[in-house]
Amino acid sequence: MPLKLSKPETDIRCRPFYRDNRFWISFSLALFIRLAFLAQYTEHVWFAIPPVDTEQFEWIASLWSGGDFSDPRTNHISPLYPVFLTILSFVFEQDRVAIVLVQALLDALTAGILYLIGRRLFSPAVGLGAAILYACYEVAILFSGMLLPTTLVTLLALLSLYAFVSGQDLPAPSQESEGKKPAQAKLCLLSGLLLGLAIMGRPNLVIWAGFATIWLLASRDKGKRRAFAFASGCGAVLLALALKNAMLFGSLSPFSSQGGLNFYIGNHPEALGVYTEIENVSNSPLEQVETSIAYAERETGNRLSPAAASRFWLKKGASYLTANPSDALQLYARKTLLFWRVEEATLNVPLHPARRDVPILRIPWIRFGWIAPFALLGIGYCLLSREPARRTPALFAIAYAASVILFFVSTRYRLPIGPVLALLAACAIARTIGLFQARRWQPLAGALAASAALAIAVNYPIKSFAAFDEIRPREEYNLGVGHVGRHWQNVAEAQAAFERAIEGESHPDSRMALGLVLADEGLYLDALEVWAENIRFHPDHEPTKAHFKQTLQFITTPLRHPSIDAERLRQILRDYGYQSAAEKVTELERRQSF
């Protein structure tokens with residue numbers, strides 16, 4: 001019998017989730033995979049190297065745990081995750097492993113909720129397929145072990161979507177037709193509240209909030225009532241946040257101070273569609289806002305509040321777009337393509353080296369490039385559905401993609417759409433199977449052709465995007481620093497990581513760190529050679545010059561190191577222009593100081 005998406009199994013759809021075995025299969029599979037991953041990841045050096053953002057979140061959580069809510073710098077970062085960390089740090093005494101275990105549970109719950117959405121909108125088979133896809137989604141597995149808001153935001157957004165679709169009209173199962181139909185307005189209110197919380201962690205979700213409100217208003221049956229309930233729930237959270245900011249920091253905005261700068265990062269003359277550095281603006285989240293305010297004040301000649309500085313950057317980015325419409329069109333085409341591409345544009349997250357270094361990530365887990373072609377096909381199927389509620393996943397995917405493309409694309413910002421794309425992909429696969437079972441060859445051929453074309457568009461190598469999907473030299477440098485930080489237990493690995501970083505780019509920190517590792521191992525001449533080369537490439541790098549001078553002075557102290565190869569030392573000094581130092585070595589050797 002052909003698989004039909006339009007008639008869910010009503011008895012299963014009305015069954016409580018805790019009595020549905022498919023829900024527990026989805027939850028258990030996702031949890032098992034994430035626990036297996038954490039068993040390896042928490043023992044690896046990568047877990048000991050928190051991203052820069054994590055350090056800022058933990059700092060804010062430490063302030064709030066101590067009762068200090070007045071530091072204005074805390075308003076530079078969206079508050080959801082610091083609140084989450086504050087609570088869990090208090091409960092688990094700042095145990096990072098315990099916190100990521102909680103995140104693993106939350107992400108497993110995301111898989112379970114995804115099944116319930118698929119069960120309600122399409123069929124239990126589609127829901128289970130979507131949940132399995134997400135349970136095995138590589139990026140979701142990795143982020144469950146990162147102290148970042150992505151996992152929490154993804155769950156809240158999906159819970160909001162579940163409440164949203166539960167408040168929409170569907171062909172009524174028998175139980176609902178007997179007067180047990182849930183109050184749609186209450187579910188829309190709950191959806192708005194949950195979405196408001198998600199916006200506290202990922203502000204770009206506010207675009208979906210506006211889109212969904214307009215869509216509800218356009219609905220015929222009780223649309224205004226449901227739209228008011230949804231907007232009220234979302235607005236209540238944002239209003240509470242705005243009042244908090246007004247009382248503590250004098251700003252009525254519910255959002256952090258980074259919005260305008262983030263818009264400019266994605267929309268300026270050198271923008272590439274991903275995160276790019278801005279001259280004279282720090283890359284550290286808190287310092288980034290402070291330095292961006294200082295830059296804006298220099299440009300305007302006025303003292304600016306964080307909110308005013310954010311507006312300065314927003315206007316600066318908008319001015320570029322309006323003054324260069326052709327460039328703007330090309331930039332947004334590039335960002336749109338990049339959003340749907342297989343490449344993972346990581347942002348302070350070691351996805352690519354973790355694939356190499358953490359054994360469980362060497363398994364070919366589900367990747368974005370595998371889901372996206374079917375998800376795009378699923379968007380088409382859902383938009384053509386006769387049931388408005390079944391268009392919800394497609395509309396959410398479109399609205400969320402637009403909200404990311406408006407700024408810049410990164411793996412971290414793309415992940416919250418992952419569960420919905422898994423649902424859309426499962427829908428497309430089930431629909432294609434249904435066409436085959438029904439022997440509808442012409443639409444089946446069209447579906448297969450569209451899938452193949454989309455798969456090529458998503459996965460075909462593009463040279464200009466290739467660098468986004470490779471291990472970056474800075475990631476190798478961070479790995480080396482992590483090995484060094486473990487009490488010098490992995491010196492050989494640290495040296496190898498710094499050498500790989502140097503091969504990738506001529507960054508002064510990598511050569512300086514390699515020299516420190518060599519010097520600590522007693523290889524002073526090797527260290528001097530690395531530092532001298534670093535000074536040649538970066539003559540203004542003061543830390544390297546200081547280490548070079550101190551080490552040279554140390555090994556040329558009379559009678560300190562008789563094993564030093566004086567001839568090699570002289571050659572190094574001569575090769576790099578230290579002629580007077582080479583002559584001093586000759587004089588010391590003559591006095592038999594070596």
Side-chain angles (χ1 to χ4, degrees), residues 1-15 20 22 113-131 158-178 180-188 190-191 208 211-227 229-230 374-400 417 419-435 437-438 440 443 446-447 450:
M1 182 177 179
L3 180 62
K4 296 182 180 180
L5 301 180
S6 60
K7 294 183 179 180
E9 300 174 38
T10 56
D11 58 331
I12 294 179
R13 201 176 95 189
C14 295
R15 185 181 301 170
D20 190 334
R22 293 180 181 89
I113 298 299
L114 183 59
Y115 162 71
L116 296 178
I117 295 175
R119 181 187 77 170
R120 177 172 180 79
L121 287 179
F122 303 110
S123 71
V126 170
L128 183 61
L158 198 67
L159 283 170
S160 171
L161 195 65
Y162 181 41
F164 189 88
V165 299
S166 298
Q168 308 309 305
D169 295 315
L170 282 171
S174 57
Q175 285 184 295
E176 292 186 348
S177 64
E178 294 172 1
K180 296 183 179 180
K181 189 174 182 179
Q184 293 177 331
K186 291 181 180 179
L187 287 168
C188 287
L190 176 61
S191 175
W208 162 245
F211 194 92
T213 301
I214 294 172
W215 184 39
L216 288 173
L217 285 173
S219 301
R220 294 180 180 179
D221 182 26
K222 300 180 182 179
K224 292 182 179 179
R225 182 179 179 184
R226 286 181 289 175
F230 177 79
F374 297 105
L376 288 166
L377 187 63
I379 288 175
Y381 283 141
C382 290
L383 290 179
L384 295 174
S385 173
R386 295 179 180 179
E387 297 295 337
R390 294 195 178 101
R391 300 171 194 160
T392 307
L395 294 173
F396 176 86
I398 293 170
Y400 187 81
I417 203 177
V420 176
L421 294 187
L423 177 62
L424 291 165
C427 169
I429 293 170
R431 179 65 180 268
T432 304
I433 294 173
L435 292 174
Q437 292 174 330
R440 298 178 61 189

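- Within the 4.5 Å cutoff, side-chain heavy atoms of Phe122 are placed close to those of Cys382.
- A cation-pi contact, defined as under 6.0 Å to the ring centre and within 45° of the axis, is absent between Arg22 and Tyr115.
- A pairwise comparison of heavy atoms in Ala430 and Val126 identifies CB-CG2, 3.6 Å as the closest pair.
- Nearest heavy-atom pair, Ala389 versus Leu121, reported as atom, atom and distance to 0.1 Å: O-CD2, 3.5 Å.
- Other residues, nucleotides and ligands place no more than 12 heavy atoms under 6.0 Å from the CZ atom of Phe374.
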Original post:
Between Leu424 and Leu376, is a side chain to side chain contact (heavy atoms under 4.5 Å, CB included) present by the stated rule, with each step listed?
Top reply: CA-CA 8 Å; Leu424 291 165; Leu376 288 166; over 6 Å; no

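- Here the closest non-hydrogen pair linking Ile417 and Ala397 is CD1-O, 3.4 Å.
- Side-chain N or O atoms of Ser191 include one that pairs as donor or acceptor with a backbone N or O of Ser160 at under 3.5 Å.
- Scanning for side chain to side chain contact (heavy atoms under 4.5 Å, CB included) contacts around Leu395 gives Trp208, Phe211, Trp215, Leu383, Arg391, with sequence neighbours left out.
- Nearest heavy atom pair, residue Ala130 against residue Ala426, reads N-CB, 3.6 Å.
- Checking Leu187, Leu190, Ile117, Leu161 one by one against Ser166, the side-chain contact (heavy atoms from CB on, under 4.5 Å) holds for a single residue, Leu187.
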**OP:** For the pair Arg226 and Gln168, evaluate side chain to side chain contact (heavy atoms under 4.5 Å, CB included) and give the outcome as yes or no after the intermediate values.
**Re:** CA-CA 9 Å; Arg226 286 181 289 175; Gln168 308 309 305; 3.3 Å; yes

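- Side-chain contact between Thr432 and Tyr381 is present, with at least one heavy-atom pair separated by less than 4.5 Å.
- Here the closest non-hydrogen pair linking Gly118 and Leu423 is CA-CD1, 3.6 Å.
- With sequence neighbours excluded, the residues forming a side chain to side chain contact (heavy atoms under 4.5 Å, CB included) with Arg440 are Leu435, Ala438, Pro443, listed by chain and number.
- Counting all heavy atoms, side chain and backbone alike, Leu114 lies closest to Pro419 at CD1-O, 3.2 Å.
- Under the rule for a side chain to side chain contact (heavy atoms under 4.5 Å, CB included), the partners of Leu116 that lie at least two apart in sequence or sit in another chain are Phe17, Phe23, Ile113, Arg119, Tyr162.
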